[in-house]
2 protein chains.
Amino acid sequence: MPADAPPASPARDQVFRALADGSRRALFERLCREGELTVARLTDGAGISQPAVSRHLAVLKEGGLVEARPAGRATFYRARADRLAPLDDWTREMRATWHARLHALDDVLRRMDN
Amino acid sequence: MPADAPPASPARDQVFRALADGSRRALFERLCREGELTVARLTDGAGISQPAVSRHLAVLKEGGLVEARPAGRATFYRARADRLAPLDDWTREMRATWHARLHALDDVLRRMDN
DNA sequence: CTCATTCATAACTGCGTGGTTATGAATGAG
DNA sequence: CTCATTCATAACCACGCAGTTATGAATGAG
């Protein structure tokens, strides 16, 4: 019998969704590499407008992947790479069940009768 | 100086995109747990129409996360959980640079002058 | 006080995409 | 041979979303 399916947590959904976009991943990468950066600084490197950057950062923040630190008229953003855990957990679980299945007996039996 | 940004491989893009959708992840999960399944079988469990399932499987296949094995009028799909590697690689790299940054001296200096 | 800078939000646009139904090709069953 | 099943594809629709420009609030500089 197959194990229960995982609850499909909304937290995981948000993380996957946040990282689905390349521009968002690029922003996250820069924050991981260069530490805290203001929106203006991030906008310089990215090839998109400042409002686009702001909205991407908002999505990342909703996913918990980024934190904002307002300082005067500037706002510094920093990455929270530790919040990538849901992603790791999911892949680990997928690989685990998949690998278990590869060695399972009934899988062999299932293959035998096409 | 910051390390070079990764090349943003299209392969990684496809994997992230494929897993961005919840229905797609659910299909992949079932294939990991239950092994090879036909489209009809997959359609039963999912809450969506058969064409929708077929197209999701096509996206997963483009990302290399799934393989098709035609058998008569049926087509069996199986997961390739090992193809989740690009995802792991990326998260590992992000965490690595992020963690390195947390311990870097100039990060501390940067924080000192807001 | 005045002006420039920084950022977020609103309003809009175009496109990608996830869903549907309809259809047809391929194939096994009877 | 005929009919049912399985699947993929086409055509269509609605919505979400990534991008833009415009705008305004907040704040530091002079």
Side-chain angles (χ1 to χ4, degrees), chain A residues 8 10 12-31 34-63 65-79 110 113-114, chain B residues 8 10 12-31 34-63 65-79 110 113-114:
Chain A
R12 175 169 41 209
D13 262 36
Q14 277 186 322
V15 172
F16 270 105
R17 211 194 78 68
L19 297 179
D21 184 74
S23 304
R24 234 130 50 200
R25 283 201 306 277
L27 289 173
F28 184 76
E29 285 182 20
R30 284 193 61 195
L31 290 173
E34 309 177 26
E36 276 194 343
L37 291 175
T38 67
V39 177
R41 202 74 77 88
L42 284 168
T43 301
D44 287 343
I48 55 183
S49 66
Q50 173 264 314
V53 171
S54 280
R55 284 193 30 189
H56 280 311
L57 289 171
V59 173
L60 288 169
K61 197 166 79 172
E62 278 178 31
L65 294 169
V66 138
E67 283 180 3
R69 181 175 65 88
R73 61 182 171 182
T75 301
F76 287 84
Y77 281 83
R78 60 178 174 279
R110 182 190 296 249
D113 56 355
N114 289 354
Chain B
R12 175 168 43 208
D13 262 38
Q14 277 187 322
V15 172
F16 270 105
R17 211 192 78 68
L19 296 179
D21 183 74
S23 304
R24 234 132 48 201
R25 284 201 306 277
L27 289 173
F28 184 76
E29 284 182 21
R30 284 192 59 196
L31 290 174
E34 308 175 27
E36 276 195 341
L37 290 175
T38 67
V39 177
R41 202 74 76 88
L42 284 168
T43 302
D44 287 344
I48 55 183
S49 66
Q50 172 265 313
V53 171
S54 279
R55 283 190 34 187
H56 281 311
L57 289 171
V59 174
L60 288 169
K61 197 167 76 172
E62 278 178 33
L65 295 169
V66 137
E67 282 180 3
R69 181 175 64 88
R73 61 182 170 183
T75 300
F76 287 84
Y77 282 83
R78 62 177 173 281
R110 181 188 299 249
D113 56 355
N114 289 353

Residues in contact with DNA chain C, drawn from residues 45-59 of chain B - heavy-atom cutoff 4.0 Å: B/I48, B/S49, B/P51, B/A52, B/R55, B/H56
Within the sub-3.5 Å range, which N or O atoms of nucleotides 4-6 of chain C have a protein N or O partner, and how far apart are they?
| residue | atom | partner | partner atom | Å |
| --- | --- | --- | --- | --- |
| C/dT5 | O4' | A/R73 | NH1 | 3.2 |

Partners meeting side-chain hydrogen bond (donor to acceptor under 3.5 Å, both in side chains) with A/R24 (sequence neighbours left out): A/H56
Whole-Å distance separating the CZ atom of A/R17 from the P atom of D/dG16: 11 Å
Those residues that, when tested against B/E62, pass side-chain hydrogen bond (donor to acceptor under 3.5 Å, both in side chains) (two or more places apart): none
Residues forming a side-chain contact (heavy atoms from CB on, under 4.5 Å) with A/A40, sequence neighbours excluded: A/T38
Nearest-angstrom distance from the residue atom CG of A/D13 to P of D/dC17: 12 Å
Separation of atom CG in B/L27 from atom C1' in C/dG19, rounded to whole Å: 14 Å
Secondary-structure stems for DNA chain D, with pairs counted as Watson-Crick or G-U when both distances are under 3.5 Å and runs at least 3 long: C:1-30 with D:1-30
For atom CG of A/L60 and atom C1' of D/dC17, their distance in whole Å: 14 Å
A/L27 side chain near A/L37 side chain, heavy-atom distance below 4.5 Å: no
Residues that A/D13 engages under side-chain hydrogen bond (donor to acceptor under 3.5 Å, both in side chains), provided they are two or more places apart: B/R25
Qualifying residues under side-chain hydrogen bond (donor to acceptor under 3.5 Å, both in side chains), relative to B/R30, sequence neighbours excluded: B/E34
Under the side-chain contact (heavy atoms from CB on, under 4.5 Å) test, residues paired with A/A18 that sit two or more places apart: A/V59, A/L60, A/L65
Set of ring pair (Phe, Tyr, Trp, His ring centres under 6.0 Å) partners for B/Y77, sequence neighbours left out: none
Phosphate OP1/OP2 of D/dC17 contacted by A/R24 side-chain N/O (<4.0 Å): no
